[in-house]
Amino acid sequence: MRVNKELSVIVAQAIEKAQAVGALPQFALPEVAIERPRDLSHGDYASPVALRLARLARMAPMKIAEVIVAHLERPSFLADVSVAAPGFINFRLTTACLQQVVEEILTAGMDYGRIHLGDGKKAQVECVSANPTGPIHIGRTRGGVMGDTLARALRAAGYDVTLEYYYNDAGRQITLLGETTKIRYQQLCGQNVELGADHYRGQYIIDIARELYEKHGDSLLGKPVSFFADYAKDRISAMQKESLRRINIVFDVYYREQSLYESGRVWQALEELEKRGYVYRKDNAVWFRSTAFGDEKDRVLVKSTGEPTYRMPDIAYHWHKAQRGFDLVVDIFGPDHHATAPQVLMGVQALGYRTDFVRTVLHQIVTLIKDGQEVKMSTRAGTFVALDDLLDEVGADPIRYFMISRSGNSPIEFDVNLAIEQSDKNPVYYIQNAHVRCAGIFRRWAEVGKDPNADQNADLSLLTNEHELAFLRKAMELPDVIELMVTQLEPHHIAFYAYELASLFHPTYENCRVLHSEVPESLQLARLRFYRAAKMLFARVLDLMGMSAPEVM
RNA sequence: GCCCCUGUAGCUCAGAGGAUAGAGCGUCGGCCUCCGAAGCCGGAAGCCCAGGUUCGAGUCCUGGCAGGGGCACCA
């Protein structure tokens with residue numbers, strides 16, 4: 001049950017009722033906000049609606065609040081409704097309402113927190129979208145974790161979600177990749193050739209060339225660059241996929257840029273833009289009149305060499321997105337794409353499509369700190385710490401957590417040494433330990449020979465400890481957190497929620513023991529039920545973050 | 001020069017226009033004979049500046065100041 005939503009409706013009804021009998025003047029009803037007061041003495045929920053109505057109603061806020069309360073229906077989950085200066089309406093829940101959250105969690109299981117915002121709607125989340133020219137690095141990882149976490153939240157909100165990866169498998173970068181691979185192969189064959197300035201420096205291409213050399217000796221020397229490009233790009237793509245799988249990100253669709261050429265969409269898009277009068281030729285290049293949509297200058301679509309810029313297939317790709325029937329498209333971009341994202345949407349508008357279903361989520365950079373020094377990252381220079389290296393050293397769970405532990409607007413300094421350190425300072429373990437401690441209770445319960453299902457009909461009214469109730473109060477917030485994540489498209493909220501939940505759990509664990517000589521059996525059973533729900537909730541929250549819920553650590 | 005992001009505790013960050021601004025790290029001091037101390041309990045310490053909107057501003061607007069990122073016929 002979403003108490004805040006129900007309260008919002010009930011208060012709105014009370015206002016209308018008061019208006020009907022003349023206790024309040026007529027006015028258009030604004031949305032009735034229900035919030036959680038910081039201070040528990042103000043109740044479990046509060047509404048400032050009377051304060052906001054003061055001007056409309058031309059009455060004192062306190063008076064309005066009193067009128068609303070007088071006309072308010074009293075559902076059974078409310079223990080108390082009161083008015084507090086300067087005009088808040090405070091609601092207190094019954095303890096029974098909090099206690100039954102235990103059963104709500106156990107009934108819903110891994111579906112707990114589910115909301116219906118996106119029921120029947122299709123959403124797409126695009127992220128990472130790195131070219132298959134090198135390993136996934138830490139900046140792309142941030143976008144990937146943000147995107148995957150948002151995808152999980154969108155699913156929890158009822159959306160049918162497609163997680164998509166768009167990659168450039170053609171063009172100049174791929175040619176350079178092929179050339180690099182061929183040169184490395186020739187070097188292994190003993191030929192005296194050197195990399196050019198534009199070629200990729202990374203060790204991984206030497207490894208790929210060596211694979212070819214070991215399998216085929218020098219018999220491939222006559223093969224064209226495109227052969228090496230195809231081989232390298234497939235190998236690197238597979239490596240990227242594997243890295244992402246290791247961090248628990250599995251894409252539904254890998255969208256190849258090349259397919260936009262094969263299907264003709266790129267040139268169709270250009271034709272259509274031309275037909276609509278948004279294209280002109282200058283200096284031997286083809287230009288997009290993006291200034292018509294507020295851009296500061298026009299942009300080149302086709303270079304004087306006849307090659308399209310990256311912008312042209314990007315527009316075609318988003319044109320296709322617009323045609324694929326998504327109700328919501330989320331594009332996640334790193335700082336290097338902040339400026340270009342709007343241009344693509346201008347292109348889609350120029351093609352006659354609305355773009356209000358597309359929402360771009362931007363995030364700031366990740367700087368990697370190792371041994372107290374910043375590690376500069378560049379794929380071409382081959383100087384980076386790849387996601388794979390981090391996975392080996394740190395593991396998937398801490399990487400995932402740290403990547404969403406900050407708002408996307410905030411740059412992240414990822415200190416490798418600190419993340420490796422498995423100390424009590426690490427919030428990842430603090431959260432996971434809550435799940436481990438729950439598991440420990442059930443392990444111990446079985447060890448002393450008790451019935452593992454003895455809590456089936458436990459008397460939940462015995463759960464009256466303030467720690468238990470505070471935890472359940474927080475448990476009720478999960479749907480609100482999911483709603484916040486999908487409406488704001490901000491994945492970091494779940495990380496903070498998880499930490500807060502754990503910080504309410506641990507004192508409960510200390511104070512509300514199950515197996516203790518001084519705890520009567522009926523209370524043991526109620527608490528066992530409580531911890532069963534707590535364990536389920538932590539598993540659920542960790543799953544929303546794409547993290548594991550360990551039984552032991 | 002233009003665009004974007006950010007200025008909240010010593011440090012790193014939350015804060016959905018509302019009541020006495022929250023965490024973590026660090027710091028100071030306590031707690032293991034019964035479910036994992038990777039834990040718990042307690043103390044000190046803070047909204048960049050100036051205007052404005054509002055009954056009410058850390059939050060919104062304008063202008064400063066400071067830091068980061070971006071401004072290609074690269075992607």
Side-chain angles (χ1 to χ4, degrees), chain A residues 33 35-39 41-42 46-48 51-52 54-55 60-61 84-88 90 129-131 133 168 171-173 198 257 282-287 296-297 299-311 313-314 334-342 362-365 367 379 405-413 415 418 422-434 436-445 447-448 480 483-484 487-488 490 492-493 495-496 499-500 502-503 505-507 509-511 513-519 524 527-528 531 552-553:
Chain A
E35 46 197 48
R36 302 209 71 130
R38 255 192 294 275
D39 189 341
S41 70
H42 295 130
S47 179
L51 291 161
R52 294 182 193 167
R55 176 185 290 266
F88 290 98
N90 293 334
S129 297
N131 287 341
T133 54
N168 176 345
R172 178 174 155 72
Q173 300 306 321
D198 288 345
E257 179 178 342
K282 190 182 83 179
D283 303 336
N284 233 4
V286 179
W287 293 73
E296 56 192 17
K297 58 182 178 187
R299 310 284 171 173
V300 172
L301 292 176
V302 183
K303 302 182 227 174
S304 51
T305 61
E307 287 174 303
T309 62
Y310 68 92
R311 207 172 278 121
D314 270 9
D336 47 342
H337 287 73
H338 283 194
T340 65
L362 306 177
H363 66 80
Q364 301 293 322
I365 55 167
T367 39
T379 304
S405 66
R406 232 138 265 193
S407 147
N409 289 333
S410 210
I412 292 181
E413 274 195 7
D415 188 325
L418 209 73
Q422 298 203 357
S423 73
D424 55 350
K425 287 142 198 150
N426 202 325
V428 176
Y429 299 106
Y430 185 77
I431 296 163
Q432 289 180 320
N433 188 230
V436 169
R437 283 178 134 182
C438 290
I441 293 171
F442 287 94
R443 218 162 25 240
R444 185 76 192 134
W445 183 268
E447 271 169 24
V448 298
D480 301 331
E483 182 177 338
L484 186 61
T487 54
Q488 307 294 310
E490 290 173 342
H492 68 278
H493 296 291
F496 285 89
Y499 194 89
E500 287 164 16
S503 72
F505 172 84
H506 289 299
Y509 180 86
E510 302 277 340
N511 286 285
R513 302 177 78 91
V514 178
L515 284 156
H516 191 282
S517 50
E518 287 173 25
V519 178
Q524 287 192 4
R527 286 182 173 170
L528 193 66
Y531 286 111
V552 292
M553 292 199 298

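Everything quoted here is computed from the prediction, not taken from an experiment. Numbers restart at 1 for each chain; the letters A, B, ... are given by sequence-line order, proteins then strands.
- Considering every non-hydrogen atom in both R172(A) and D198(A), the closest pair reads NH2-OD2, 3.0 Å.
- Between the side chain of S517(A) and the base of C34(B) there is at least one donor-acceptor pair of N/O atoms closer than 3.5 Å.
- A donor N or O paired with an acceptor N or O is not found under 3.5 Å between the base of C13(B) and the side-chain atoms of S410(A).
- Pairs of Watson-Crick or G-U wobble type, with distances under 3.5 Å, assemble into runs of 3 or more in RNA chain B at these ranges: B:1-7 with B:65-71, B:10-13 with B:22-25, B:27-31 with B:39-43, B:48-52 with B:60-64.
- Donor-acceptor pairing under 3.5 Å, judged by distance alone, is present between the side chain of N90(A) and the base of A19(B).
- Distance noted for atom P between G17(B) and C31(B): 45 Å (whole Å).
- With both ends at atom C1', the span from A72(B) to G15(B) equals 40 Å, rounded to whole Å.
- Across the P atoms, C11(B) and G70(B) are found 25 Å apart, a figure rounded to whole Å.
- The same atom, P, is picked in G29(B) and in A66(B); the two are 41 Å apart, to the nearest Å.
- OP1 or OP2 of U6(B) has at least one side-chain nitrogen or oxygen of N409(A) nearer than 4.0 Å.
- Set against C35(B), A16(B), G39(B), the side chain of L515(A) has C35(B) as its closest nucleotide.
- Taking every side-chain heavy atom of A46(A) into account, A19(B) is the closest of C73(B), A37(B), A19(B).
- Across the C1' atoms, A44(B) and G7(B) are found 24 Å apart, a figure rounded to whole Å.
- Remark: H363(A) is not in phosphate contact with C5(B), judged by side-chain N or O atoms under 4.0 Å from OP1 or OP2.
- A19(B) has its base stacked against the ring of H42(A), the centroids being under 5.5 angstrom apart at an interplanar angle below 30°.
- The side chain of A285(A) lies closest to C73(B) when the candidates are C73(B), G18(B), A75(B).
- Taking side-chain N and O atoms only, Y430(A) has a distance below 4.0 Å to OP1 or OP2 of C40(B).
- Taking 4.0 angstrom as the limit, R513(A) places a side-chain polar atom (N or O) nearer than this to OP1 or OP2 of C35(B).
- When the C1' atom is used for both A19(B) and U27(B), the distance is 31 Å, rounded to whole Å.
- For F496(A), the listed nucleotide lying nearest its side chain is C13(B); candidates were G39(B), G69(B), C13(B).
- The E296(A) side chain lies nearest to C2(B) when the options are A19(B), C2(B), A37(B).
- OP1 or OP2 of A14(B) lies within a sub-4.0 Å distance of a side-chain N or O belonging to S407(A).
- Spacing of P atoms, C4(B) relative to C61(B), comes out at 12 Å, to the nearest Å.
- Taking the side chain of N433(A) as heavy atoms from C-beta on, and the options C34(B), A38(B), C2(B), the nearest nucleotide is A38(B).
- G69(B) and G63(B) have their C1' atoms separated by 23 Å, given to the nearest Å.
- Distances were taken from every side-chain heavy atom of P335(A) (C-beta onward) to each of G36(B), U20(B), G69(B); the shortest belongs to G69(B).
- The side chain of E257(A) has A75(B) as its nearest neighbour among A38(B), C71(B), A75(B).
- Within the structure, a side-chain polar atom (N or O) of K303(A) is placed less than 4.0 Å from OP1 or OP2 of C74(B).
- For a distance-only test at 3.5 Å, the side chain of R52(A) fails to qualify as a donor-acceptor partner of the base of G17(B).
- Judged by distance alone, with hydrogens and angles left aside, Y310(A) brings a side-chain donor or acceptor within reach of the base of A75(B), the pair sitting under 3.5 Å.
- The side chain of F88(A) has A19(B) as its nearest neighbour among A19(B), C71(B), A37(B).
- The residue among E413(A) and P37(A) whose nearest nucleotide of RNA chain B is located toward the 5' end is E413(A).
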